[in-house]
There are 2 protein chains.
Amino acid sequence: MSTLYSRIQRDLALSIAAGEYAPGSRIPSETSLAKRFGVTRMTVRHAVDGLISEGLVTRRHGSGTYVSQRRQAQRALNRLSGFTEDMRGQGRTASASELSRSEVEAPGPVQDQLELQPGAHVVVLERLREVDGRPVALQRVWLPFSRVPELARRSLDGASLYDTLEQEYGIRVTTARQRITAVGATDREAAILAVAEGAPLIFAERLTRDSNNRPVELAETWSVPELALWVDLRR
Amino acid sequence: MSTLYSRIQRDLALSIAAGEYAPGSRIPSETSLAKRFGVTRMTVRHAVDGLISEGLVTRRHGSGTYVSQRRQAQRALNRLSGFTEDMRGQGRTASASELSRSEVEAPGPVQDQLELQPGAHVVVLERLREVDGRPVALQRVWLPFSRVPELARRSLDGASLYDTLEQEYGIRVTTARQRITAVGATDREAAILAVAEGAPLIFAERLTRDSNNRPVELAETWSVPELALWVDLRR
DNA sequence: GAGTGGTCTAGACCACACG
DNA sequence: GTGTGGTCTAGACCACTCT
């Protein structure tokens, strides 16, 4: 983790967040950054590549590398990342509180998507996500009980789910397929997220897989519209 | 365009498409590919980086680089493509009818996003998208008038906007940033899309750029929830 | 012309997976 | 241990932008 390029990437990201490099302005050239950090230009390029995939800067051939315009709190879709990680990258404070935690027999659709045997059990977590103190998303996560039995009992307490999966179970999530649509808030969702009943919400359903391509997690997320998603596309 | 890495990337992509490297199997190591193509490993890595962002392969540290499963679907989903093209890829019949077409002074936010001078004019197109005969999306597109003056007068008549831009104006769209959220239908949107007023809609705002990174098109799309979006993610 | 990013070389050592 | 990808060096030349 503590590679040179990732530290340079973080340093630059912090400078941008601190306003040292303003939106629309040019960051120092790759050559000068290489000199400043005492590395080669290739290493600086690797770091800047990371900033680009974060959406923080864009390159212009022959001209320079420019800080992107300020965005609202948004979730990047290009990378599979945890919620907390995402918000931190945008200079925001994210927290999570656990609403419920249980172990149940997998409902049909969940069983299908997680590729479980009939009757298999799942751990169900419900978490409320907050950004800068305001509730922004309600999340329901289904995990195969056989792979993470302890999670049925122990609270995550705001810890990153992906970190926990990796550190305690050796499960590394690598890919996901996400479906995104719009729904009207039910009375329960409205109450939890402090919006009107029927108000539009972003609904995302994500099936995450590990490095062996086995399903790890089915996550359903209801987000307020302010927490827009964004994605960069190439032709 | 004919850089070494892009040719190697294309060669490998063709080999995968031809089934020479089957899904789930390992492609040759970077060292051996470097030898085969007569380049350094860094150049091969650049090519493989491209295959990864296309979703064609995944790397596993210490193990190898493997051809992804479900590759056709991934390609279609993570690529910048037109609406008609998108629907065709899902086996559906898409059509478009033009609701309005005009030339106006760019409103402030549009001017900002398209990076226009104050007072610059834009062409505004409104189209209704239909799939299998049902209205599914209302689209409003803003284009800099100075770049596509004739579009203010001539109907597209269902022709692909991207094809028209490329063939008649030599503008090749290459990248886009898309923001996705949920909104409630206004009375006009409700009437056009045949949903209730206030019903949840998917709202996507897309800024498309050409190969010089200059803004080409700002597109706003209101879609019915049935027209969900799919995205594949990698960590 | 000067400065910027885009590509590429020819090596090196490290971290990880697997038999 | 061997082979794989991950990182990094110290240069070089080219393509593009801006003035």
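In what follows, chains are A, B, ... by sequence order, proteins preceding strands, each numbered from 1.
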Does anyone know the first and last nucleotide of DNA chain C in reach of chain B, 5' to 3', at under 4.0 angstrom to a heavy atom?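 That gives a stretch of C:dT7 to C:dA17.
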
Close N or O pairs between protein and nucleotides 15-19 of chain D (under 3.5 Å):
residue : atom : partner : partner atom : Å
D:dA15  : N3   : A:His61 : NE2          : 3.0
D:dT17  : O4'  : A:Gly62 : O            : 3.2

Is any side-chain N of the basic residue among B:Glu30 and B:Arg45 closer than 4.0 Å to the acidic one's carboxylate O?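 So B:Glu30 pairs with B:Arg45 through a salt bridge.
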
Would you say the side-chain atoms of A:Arg129 pair up with the backbone N or O of A:Ser223, donor to acceptor, closer than 3.5 Å?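 A pair under 3.5 Å: no.
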
Report yes or no: does A:Ser15 contribute a side-chain atom to a donor-acceptor pair with the main-chain N or O of A:Asp11 at less than 3.5 Å? yes

Cation over ring, A:Arg147 on A:Tyr169, under 6.0 Å and within 45°? no

Check every strand shown and say whether B:Thr40 touches a base, only sugar-phosphate, or nothing at a heavy-atom separation below 4.0 Å. base

Nearest-0.5 Å distance that lies between atom CZ in A:Arg206 and atom CD in A:Gln113: 13.0 Å

Distance, nearest 0.5 Å, that separates CG of A:Leu56 from CG of A:Leu12: 9.5 Å

Scan residues 41-49 of chain B against DNA chain C and write down, sorted by residue number, each residue with any heavy atom closer than 4.0 Å; if none is found, say none.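 Under 4.0 Å from DNA chain C: B:Arg41, B:Met42, B:Thr43, B:His46.
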
Grab the two heavy atoms, one from [X] and one from [Y], that are nearest each other, plus how far apart they are.
{"X": "B:Thr221", "Y": "B:Gln139", "value": "OG1-NE2, 3.2 Å"}
{"X": "B:Gln9", "Y": "B:Leu51", "value": "O-CD2, 3.6 Å"}
{"X": "A:Leu114", "Y": "A:Val216", "value": "CD2-C, 4.3 Å"}

Are B:Leu161 and B:Val141 side-chain neighbours, meaning at least one heavy-atom pair lies under 4.5 Å? yes

